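For reference, the structure is listed below as structure tokens.
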Amino acid sequence: MNHTEERLPGRKDRCNLTDYEQERRTFDWQEIEKTFSWHETGKVNIAYESIDRHALSDKGDKIALRYSDPTRQSSYTFEEMRKKTNQAGQVFRKLGLKKGDRLFVFMPRSPECYFALLGAIKIGAIVGPLFEAFMETAVRDRLQDSGAAAIVTTPELLHRVPVSELPELKHVILVGEDLKLEDHQTDLIAEMSQASEKLEIEWVDREDGMLLHYTSGSTGKPKGVYHVHNAMIQHYYTGKIVLDLQEEDVYWCTADPGWVTGTSYGIFAPWLNGVTNVVRGGRFSPQDWYDTLQSQEITVWYSAPTAFRMLMGAGNDIVSQYDLSKVRHILSVGEPLNPEVIRWGMQVYKQRIHDTWWMTETGAQLICNYPSMDMKPGSMGKPIPGVEAAIIDDQGNELPPYRMGNLAIRTPWPSMMRKIWNNPGKYQEYFYLSGWYISGDSAYQDEEGYFFFQGRIDDVINTSGERVGPFEVESKLVEHPAIAEAGVIGKPDPVRGEIIKAFISLRKGYEPSEELIQEIRAFVKEGLSAHAAPREIEFKEKLPKTRSGKIMRRVLKAWELDLPTGDLSTIED
Ligand code: 6R9
């Protein structure tokens, strides 16, 4: 086990959560609920709480959304957002869409994408956000499974919506210019401009649905993870104590709404907290991202390890060309955050990158590093107040420190998924040990209660009887100057059970060679342990990743073993 005593002290100056242990002792979710007007009125709608509550207070003129891409820049105040989302809601309602209907949003990021998402939630619809990169099969699977009634998309993406195979799909709502409409098609922008700016919001029950996020398993079709309005309690609270959002912040979450990070933390957490939310469209490039941080004067920045590793790969010189002095808080999610990336962040950003752990199914952050808490690089941190996490064995026994096991969460918590659409059996699988949600991740805890991620349960390698988490090997590998990214799998072996195989993409300026292989192996052996050193190394131009940046180890494994790769709808290219 790769346990270091490296420690980065917590901040002592202003932050929303000053004493983690104290907050845990006294915490009560019911106190958090009092933030919302429905606590008194009984009228629940997460879109109302995100936008209208601020628009109707003294924050109406505050900028809610600052959108930019290479061709467009626009800003909307909370009051303007209220009107736009009302108009979108009007358009949907006029088409006959209503509470409980599934409406998909399949388009690149743009202000309209956000108007549509929130407008649909305002009329009580359940929104299914899709990555613009999805191909026809991925779109069809999701719309069919959920019996979608409508989709909001663009003329460019329309050919990937197989309308004839979707008998329940009644409306195709298009966002674009100079549209030539066919049957069952609607021009969203034109209709919105005609619609009233007032809308009777559909008040719902806090347990009513608002989002359907499809997520891929290793086998079978993607699962529709169903979230309810009640999740707002946790979106709001984690926005406050984990993102540390404060009144004057300018916040940028780099995730697309097709990924749960792009809804929970790209829409709800910032707006429930009433802060200015920056959305950047277009593709990733280091120049572009640093330019966004500088020109938008971002103060709080939430991104992912894959992006930080790419920025690290782009070098330190480029960072010094930008003024990033406004950035005061940086966070990461989606994959293990390599200690090397944190050390690099300390060097170039002069601050810590805070790891956060959660899943589509959990709806919001659960295990995190807080600004005021000491950080141990390589640790995901500690559970948020109000949540209990543990490492348990397959029988449900809690394991002592340093023992690797199932990362489990005591049920329930406010933002937990409430079902898997059309698939109660799959839903039950997460709860096979009574009282616990079983995440499918393996991890261990140290004696101070910090959690350390090891891998997906099915990714953990058993080599000559030693359990090795792929993450610790990958983290060591990326410390090597030649290595940009690494994906590690267990390859069946008649003698050792499994051997460790590493797929590696090299940084610019390095070439594969037998010598380099030997050098890398020695590097892991000395830096980590002999049994963790990869016996096989294969160089790849690029590693297979999901759209949210996760290295797809199961694809590496399938390649290696000549097996079917399973559902690939979320792969990057
Ligand atoms: C929000 C999100 C969930 C899976 C999760 C785990 C991995 C997420 C992580 C992390 C290590 C972290 N994961 N955060 N692994 N450290 N901080 O990512 O949701 O796309 O559903 O993925 O991602 O394996 O189980 P989702």
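When a ligand or atom number is given, it counts from 1 through the structure's own listing order. Keep in mind it's a predicted model, so treat the numbers as computed, not measured.
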For ligand 1, the portion of W357 having any non-hydrogen atom under 4.0 Å away: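 It is both backbone and side chain that touch ligand 1.
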
Is the contact between T546 and ligand 1 made by the side chain, the backbone, both, or neither, using heavy atoms and a 4.0 Å cut-off?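 No part of T546 comes within reach of ligand 1.
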
I'd like to know if the side chain of [X] pairs up with that of [Y] as donor and acceptor (distance under 3.5 Å, no hydrogens or angles considered).
X    : Y    : answer
D393 : N406 : no
T360 : H213 : no
E361 : Y430 : yes

Proximal ligand 1 atoms for [X], defined as those under 4.0 Å from one of its heavy atoms:
X    : answer
T360 : 19 (O), 20 (O), 21 (O), 26 (P)
M359 : 3 (C), 5 (C), 19 (O), 21 (O), 25 (O)
T261 : 1 (C)
P336 : 11 (C), 15 (N), 16 (N)
R456 : 24 (O), 25 (O)
V333 : 1 (C), 14 (N)
T356 : 12 (C), 14 (N), 17 (N)
D441 : 5 (C), 6 (C), 24 (O), 25 (O)

Less than 4.0 angstrom from a charged side-chain N to a carboxylate O is my criterion; do K550 and E474 meet it?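 Between E474 and K550 there is no salt bridge, as every charged N stays at least 4.0 Å from the carboxylate O atoms.
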
Is it true that K557 and E560 have a side-chain N and a carboxylate O under 4.0 angstrom from each other?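 Result for this pair is no, no salt bridge flagged.
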
Only one of Q365, Q234, H235 passes side-chain hydrogen bond (donor to acceptor under 3.5 Å, both in side chains) with S415; say which it is.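 Checked Q365, Q234, H235 against S415; only one passes side-chain hydrogen bond (donor to acceptor under 3.5 Å, both in side chains): Q234.
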
Closest protein heavy atom to [atom], given as residue, atom name and distance to 0.1 Å:
atom                    : value
atom 12 (C) of ligand 1 : E335 O, 3.4 Å
atom 15 (N) of ligand 1 : F453 CE1, 3.4 Å
atom 18 (O) of ligand 1 : K550 NZ, 2.9 Å

Y437: which of W413, Y432, Y427 passes ring pair (Phe, Tyr, Trp, His ring centres under 6.0 Å):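 For Y437, the ring pair (Phe, Tyr, Trp, His ring centres under 6.0 Å) test succeeds with only one of W413, Y432, Y427, which is W413.
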
Of all the heavy atoms in [X], does at least one lie under 4.0 Å from an atom in ligand 1?
X    : answer
H213 : no
G334 : yes
F471 : no

Validate the cation-pi geometry between K382 and Y450: distance from NZ or CZ to the six-membered ring centre under 6.0 Å, angle to the ring axis within 45°.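 The answer is yes; both the distance and angle limits are met.
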
So is R280 actually on top of W252's ring, under 6.0 Å and inside 45° of the axis? no

For the student: nearest non-hydrogen atoms of K240 and N16, plus distance: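 The pair with the smallest heavy-atom distance is O-ND2, 3.0 Å.
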
Any idea which heavy atoms bring A486 and V478 closest together, and the distance? N-CG1, 4.2 Å

Could you tell me whether some N/O pair between S439 and ligand 1 is separated by less than 3.5 angstrom? no

Do any nitrogen or oxygen atoms of W259 lie less than 3.5 angstrom from nitrogen or oxygen atoms of ligand 1?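 Indeed, backbone or side chain, W259 has an N or O that close.
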
